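First up is the structure itself, then whatever we jot down about it.
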Amino acid sequence: MKNIELEDGQSADIVSDNISKMKELFPDAFSEGGVNFDTLRQLLGDASVLDEGEEKYGLNWHGKKKARQIALTPSTGTLLPCPEESVDWDTTKNLFIEGDNLEVLKLLQKSFANKVKMIFIDPPYNTGEEFIYPDKFSDNLKTYLRYSGQVDDDGLKFSSQTEVIGRKHTNWLSMMYPRLKLAKNLMTQDGVIFICIDDNEVANLRAISDEIFGEENFIAGFIWEKRTNRENRKIVSSRHDYILCYCKNLNKKEDAIKQLPMSEEALNRYKNPDNDPRGEWKSDPATAQAGHATPSQFYVLTAPNGKQHELQSGRCWLYTKDVMEEAIQDGRIWFGKDGNGVPRVKTYLNAKERGLTPESIWFAAEASTNESAKTKLKALFSGKAVFETPKPVELIDLAIKIGADDGVVLDFFAGSCATAEAALKSGNRFIVVQLPEACDKGSEAYKSGYTTIADIGKDRLRKVAGAVVSDDGCDLGFKVFKLSYSNINLWNPDRTDLEESLLSHEEHLVENRTEQDVLYELLLKRGVDLAVPIESREVSGKNIYSIGYGVLFACLDESITKDQVEDIAQAIITWHGELAPSSDTHVFFRDSAFRDDVSKTNMAAILVQNGITHVRSL
């Protein structure tokens, strides 16, 4: 086979092309232009490289390989629906998920891969005090279930006194690393992430974020003025925090963040003193720094009234002489009302979609402060200070304006749910995740009836939804889900879907779980959005469910007799024909519902003969 020749006579560089594609998929496997093959092997599922041997260049710590591996280990849990705690369950697309965010992020990998436009997180700052997310690597779900009281040892507190055990940075990094790895998978190609942090870990966070997202996808390290008053208790009054911003793939979209809307102050700068037919304009300098100028940008400019304008030292004209003269003739250069002013270029308000370029410092005047956020939250909760360190809604709204468009906003360190409130008010769909961390019994929150931080967040959203006046039908509700163990007994953690059923007639579903519980696990395992509609019809006394307009069908009754097989199968076929879903349809039954193999075989045969080939049992 001949090589395909390029115009310059060289054959295509296949190796370089392969490396570029691999770097896009696995940026953390590359260091200083080379491939770290141990890391690549691990990312491809080879667990044999978990020994803590010598690492290559980059930020390394004892436990990094395990932190990477835990992101690759499937979850054995599920998300249980809680309509009774939700608002507008049947119609809302917003999700409030209560549980350990590491397990939840794993469970969302199929349903929300490449669908999240913006992530805003405020993770626990590593101050040397306790934080509540150190993971157990192989039994994280079990540890969470003990903590949340779903298995024995109710009240277990899993937290890390980092200074005491001498691993201040390593535990925090091992907590953050797998969560950021999993979060990246959920982002759209032009999706952006904003991560709040302080001086304690900003350098390390930048290092692991460069590795996970790719240094070339770094957008900015924003500085946020979190307070305006001086703090006298410390050596230096800390007035700011950092917000690191990365895009998933800047090559896919150069303008990953948008301009901010024009403020009233900015709009007031546009006038039209000369009645220019092109509309209102403002004047900008007609010169630029001379460092990269061409010789054609150095000349003496002659104004229409004959006055000559010479360049200042170190400056050049913005345009070449011919282009400048053309602009002058066209009335696009302003010389002041009397014609003797310094030449300036007209920038027209309506020339294009005009906005303000985001700046690297977010001042309190626009982004608000921690103190202001606490005051407003206190007012929302009838004067009770239920949460000590909320982020301002204005801060997150600023991030949404430049980073979210009309896409999905995710926060997996939800806290008091400031991100959800900002998204709700802006009309963006949100997904928030919060651990049911217990409120201290001496706190204002506990005295006000809140037992967990998650409870505070849910009630905040109810209060906000009740106060928002909307005439455009925007989504003010949220579905509540809670992390728990799978609905399916003997779940194999190496299986990520339900493609195969067990062959025996034993009951494989956990007792005391509802059909709705099982249906939502099917959505997760099949990669269907948790907000899709679920409809039901009754046939022969059995409930048949259509999920996502026919993407899935299910009949989860505990008993299906041979006399009912034909009616149930035909009902599914008819319903499937009415909906005509574009994707391959899967139908699920409870394996133990069929008392003999003949009934099960007949059900599958009827469906397959009518074009529904994916028939599964649980």
Side-chain angles (χ1 to χ4, degrees), residues 19-36 39-40 42-44 55-61 64-65 67-72 101-102 105-106 108-109 112-123 172-197 201-223 242-258 358 360 399-400 402-405 407-413 419 431 433:
I19 290 175
S20 296
K21 291 177 180 177
M22 189 176 295
K23 188 173 183 180
E24 184 174 321
L25 291 172
F26 308 109
D28 43 348
F30 287 79
S31 177
E32 292 191 324
V35 182
N36 185 330
T39 300
L40 181 61
Q42 188 182 2
L43 292 172
L44 294 174
E55 296 271 9
K56 302 296 189 297
Y57 170 81
L59 178 61
N60 299 308
W61 66 91
K64 182 178 181 180
K65 288 185 177 180
R68 185 185 294 124
Q69 185 65 25
I70 199 172
L72 303 173
N101 54 17
L102 179 63
L105 287 170
K106 291 179 182 180
L108 298 180
Q109 291 297 296
F112 293 95
N114 304 307
K115 293 182 180 179
V116 174
K117 181 61 178 70
M118 191 194 94
I119 298 173
F120 188 100
I121 55 173
D122 180 26
W172 190 87
L173 289 167
S174 292
M175 180 273 292
M176 289 296 296
Y177 193 93
R179 289 166 172 82
L180 292 177
K181 286 281 294 178
L182 292 164
K184 179 186 175 184
N185 298 336
L186 302 179
M187 296 165 63
T188 60
Q189 287 298 316
D190 62 344
V192 292
I193 183 170
F194 296 88
I195 313 170
C196 299
I197 198 64
E201 292 291 357
V202 64
N204 289 332
L205 178 61
R206 176 71 189 270
I208 63 171
S209 296
D210 281 349
E211 180 176 319
I212 292 169
F213 296 100
E215 187 176 2
E216 67 278 8
N217 292 316
F218 175 71
I219 293 177
F222 295 105
I223 295 173
Y242 305 91
I243 303 176
L244 300 188
C245 181
Y246 286 80
C247 181
K248 183 174 181 178
N249 194 332
L250 276 176
N251 291 329
K252 298 296 182 182
K253 186 176 180 182
E254 292 183 0
D255 54 339
I257 60 173
K258 302 185 301 180
S360 59
I400 288 176
I402 66 175
D405 294 321
V408 179
V409 174
L410 168 66
D411 183 350
F412 49 91
F413 289 99
T419 298
I431 303 172
V433 185

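Nothing fancy with the numbering, it's 1 onward along the sequence. Bear in mind the structure is a predicted one, so any value in this text is a computation, not a measurement.
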Next item on the list: Check the pair Glu211, Arg68 against salt bridge (Lys or Arg N to Asp or Glu O under 4.0 Å), reporting the backbone distance first and the verdict last.
Entry: CA-CA 12 Å; Glu211 180 176 319; Arg68 185 185 294 124; 3.6 Å; yes

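- Between the side chain of Asn101 and the backbone N or O of Phe412, at least one donor-acceptor pair lies under 3.5 Å.
- Not one N or O on the side chain of Lys258 forms a donor-acceptor pair closer than 3.5 Å with the backbone of Gly403.
- Once rounded to the nearest 0.5 Å, the distance linking NZ of Lys115 with CG of Leu108 reads 11.0 Å.
- Put simply, the side chain of Leu205 reaches to within 4.5 Å of the side chain of Leu244, judged on heavy atoms.
- One distance of note links CD1 of Ile121 with SG of Cys196; it measures 8.0 Å at 0.5 Å rounding.
- For the pair Gln189 and Asn114, the minimum side-chain heavy-atom distance is below 4.5 Å.
- Not a single donor-acceptor pair under 3.5 Å links the side chain of Asn217 to the backbone N or O of Tyr246.
- Between the Lys106 side chain and the Ile70 main chain, a donor and an acceptor come within less than 3.5 Å of each other.
- Checking side-chain atoms of Gln109 against main-chain N and O of Leu182 turns up a donor-acceptor pair under 3.5 Å.
- No donor-acceptor pair under 3.5 Å is formed between the side chain of Lys64 and the backbone N or O of Leu173.
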Next item on the list: Check step by step if side chain to side chain contact (heavy atoms under 4.5 Å, CB included) holds for Tyr177 and Leu59.
Entry: CA-CA 11 Å; Tyr177 193 93; Leu59 178 61; over 6 Å; no

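- A donor-acceptor pair is defined here as one N or O able to donate and one able to accept, closer than 3.5 Å; such a pair exists between the side chain of Lys248 and the backbone of Met187.
- Every residue meeting the ring-ring contact (aromatic ring centres under 6.0 Å, His included) condition with Tyr242, not counting sequence neighbours, appears here in chain and number order: His240.
- Residues meeting the ring-ring contact (aromatic ring centres under 6.0 Å, His included) test with Phe222, sequence neighbours left out: Trp362.
- At least one donor-acceptor pair closer than 3.5 Å links the side chain of Asp411 to the backbone N or O of Phe413.
- Rounded to the nearest 0.5 angstrom, Ile257 CD1 and Cys247 SG are separated by 9.5 Å.
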Next item on the list: Check the pair Ser209, Leu180 against side chain to side chain contact (heavy atoms under 4.5 Å, CB included), reporting the backbone distance first and the verdict last.
Entry: CA-CA 8 Å; Ser209 296; Leu180 292 177; 4.1 Å; yes

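- How far CD1 of Ile208 is from CD of Glu201: 8.5 Å, rounded to the nearest 0.5 Å.
- Separation of atoms NZ (Lys181) and CG (Leu105) is listed at 13.5 Å; rounding is to 0.5 Å.
- Here Lys65 contributes atom NZ and Ser174 contributes atom OG; the two are 13.5 Å apart, rounded to the nearest 0.5 Å.
- In Glu216, the CD atom is crowded: over 12 heavy atoms of neighbouring residues, nucleotides or ligands sit closer than 6.0 Å.
- Taking the side chain as every heavy atom from C-beta outward, Pro27 and Ile212 never approach each other to under 4.5 Å.
- In plain terms, the two heavy atoms of Arg179 and Met175 that are nearest each other are NH1-O, 2.7 Å.
- Using a 4.5 Å heavy-atom cutoff, the side chains of Pro123 and Ile195 are in contact.
- Shown are Val408, Asp190, Leu410, Ile400; of these, the side chain to side chain contact (heavy atoms under 4.5 Å, CB included) with Lys117 is made only by Asp190.
- Side chains of Leu250 and Phe213 form no contact here, defined as non-hydrogen atoms less than 4.5 Å apart.
- The closest side-chain heavy-atom distance from Phe218 to Glu215 is not below 4.5 Å.
- The nearest pair of heavy atoms linking Pro358 to Ile402 is CG-CG2, 3.8 Å.
- With contacts defined as side-chain heavy-atom distances shorter than 4.5 Å, the pair Phe26/Leu40 qualifies.
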